[in-house]
Amino acid sequence: MPELPEVETIKRGLSEFLINKKIRKIEIFCDKSFLGPNELANSEIISISRRGKALLINLKNGITLMIHLRMTGQLIYRSDNNSFAGGHPSDNFISELPNKQTRVVFELDDGKLFFNDQRKFGFVKVLPTAEVKNDPFIKKLAKEPWEMSVEEFVKNLNRHKNSAVKPTILDQTVLAGLGNIYADEALFLSKIHPERLVSSLSEIEIKNLLENSKKVMEESIDSGGSTMATYVKADGTKGDYLKKFAKVFRREGEPCVRCGTEIIKIRVAGRGTHLCPKCQEKK
DNA sequence: CTAGGATCCTGTCAGC
DNA sequence: TGCTGACAGGATCCTA
């Protein structure tokens with residue numbers, strides 16, 4: 001997915017257009033993508049928030065729409081005067097909608113919000129705002145790196161002493177927000193090999209890892225995450241926002257920016273993983 | 001309880 | 001051209 005920075009960017013982008021607007025109608029093209037009753041006609045959006053990678057659209061009637069984009073989810077807003085799109089970068093940002101990847105359409109009193117999702121792993125879930133905190137995913141979710149103390153991070157990591165560090169920091173109950181891109185980037189900045197066991201990490205390395213997790217996600221938020229604005233450049237050609245800050249992700253074969261060694265791609269716990277074999281020694 | 005692999009689903013790309 | 005397998009910005013479920 002769409003990791004924490006993309007969801008944060010969507011939160012900010014959609015807030016500009018959706019606050020105080022009413023949802024007139026919800027059209028569901030894929031039952032798997034919409035969990036809960038469709039009884040939200042004329043409900044007003046009062047705020048949009050976020051917990052980890054989950055987007056929360058809060059309605060005046062005490063209902064919250066929890067949206068998780070998972071791997072390929074996108075939210076695309078269009079009206080006569082405005083448009084905004086974010087999430088998994090693809091031509092859906094600019095193509096005619098709805099299309100065959102459209103799963104849910106929210107008709108607003110001003111424009112439409114499309115939930116597109118190629119792989120159908122993502123979902124929109126209807127639940128009482130007061131129950132959001134009891135949702136199984138939200139309930140287990142760890143703090144985001146900005147709120148996480150080193151002590152708590154150590155404690156959470158130590159539940160997985162015998163696991164490799166990369167899958168452990170991808171575990172949202174250990175630290176909220178990192179996904180496959182930012183995990184690789186944070187490990188590169190921290191000079192930690194992704195396959196190192198948690199038990200082998202020093203106090204300093206853990207502290208650096210937490211700091212760098214913040215840093216990579218902040219940088220991405222500052223550059224606008226993955227949205228229409230970064231997907232399509234002003235001249236209409238396609239941009240690649242990843243190239244702006246990613247030092248290792250999808251850079252296999254290119255020289256390391258620190259030492260010039262060729263970046264390699266390996267597989268760790270089933271996920272494609274990018275690293276500099278010299279800066280990130282396995283030990 | 002943890003560890004690790006399979007699984008959900010659609011689409012694209014490399015290699016024959 | 002067509003087929004086949006690998007892989008994908010995530011998280012859960014199942015088994016050991």
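We use all heavy atoms of the structure for the numbers below, so side chains are in, but hydrogens, waters and symmetry mates are not. Just so we're on the same page: letters track the sequence lines, and every chain starts at 1.
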Short N-O contact, A:Glu211 and A:Lys214, less than 4.0 angstrom: yes
Measure from the side-chain heavy atoms of A:Gln118 and tell me the nearest of C:dA11, C:dT12, C:dA8. C:dA8
Heavy atoms under 4.0 Å, any strand shown: does A:Gly272 hit a base, just sugar-phosphate, or nothing? sugar-phosphate
When you compare B:dC8 with C:dC3, how far apart are their C1' atoms, in angstrom units rounded to a whole number? 24 Å
Ring centroid separation for A:Phe245 and A:Tyr182, is it under 6.0 angstrom? yes
At under 4.0 Å, does any side-chain N or O of A:Arg250 touch on OP1 or OP2 of C:dA8? no
Spacing between A:Phe123 atom CZ and B:dC9 atom C1', to the nearest angstrom: 15 Å
Can you give me the closest heavy-atom contact between A:Lys133 and A:Ile138, atom names plus distance? CA-CG2, 4.1 Å
Which of A:Arg24, A:Lys25, A:Lys60 passes side-chain hydrogen bond (donor to acceptor under 3.5 Å, both in side chains) with A:Asn42? Answer is A:Arg24
Basic-acidic side-chain contact under 4.0 Å: A:Asp109, A:Lys21: no
Quick check for you: among B:dG11, B:dC9, C:dG10, whose closest atom lies nearest to any side-chain atom of A:Gln101? B:dG11
Where the side chain of A:Arg267 is concerned, which of C:dA11, C:dT12, C:dC7 is the nearest nucleotide? C:dC7
Shortest side-chain distance from A:Glu3, nucleotide among C:dA11, C:dG9, B:dT10: C:dG9
Would you indicate which nucleotide in C:dG9, B:dT2, C:dA8 comes nearest to any side-chain atom of A:Lys265? C:dA8
Base C:dA8 to side chain A:Arg119, donor-acceptor N/O within 3.5 Å cut-off: yes
To check you understand the geometry: which heavy-atom pair defines the closest contact between A:Cys279 and A:Cys256, and what is its length? SG-SG, 3.7 Å
Comparing nearest nucleotides in DNA chain C, the 5'-proximal residue of the pair A:Pro89, A:Phe137 is A:Pro89
For DNA chain C, the expected dot-bracket line (Watson-Crick or G-U under 3.5 Å, [ ] crossing, | inter-strand) is .|||||||.|||||||
Paired with A:Phe249, the side chain to side chain contact (heavy atoms under 4.5 Å, CB included) test is passed by just one of A:Lys265, A:Lys243, A:His274, namely A:His274
B:dC8 pyrimidine/purine six-ring stacking with A:Phe121, under 5.5 Å and 30°: yes
When all nucleic acid strands are considered with a 4.0 Å heavy-atom cut-off, which category describes A:Asp117: base, sugar-phosphate, or nothing? nothing
Whole-angstrom distance between B:dG11 and C:dA11, as gauged at atom P: 22 Å
Please report the distance separating the P of B:dG4 from the corresponding atom of C:dG9, rounded so that it comes out in whole Å. 22 Å
For A:Gly270 and A:Arg159, take the nucleotide of DNA chain B holding the closest heavy atom to each; which residue's nucleotide lies nearer the 5' end? A:Arg159
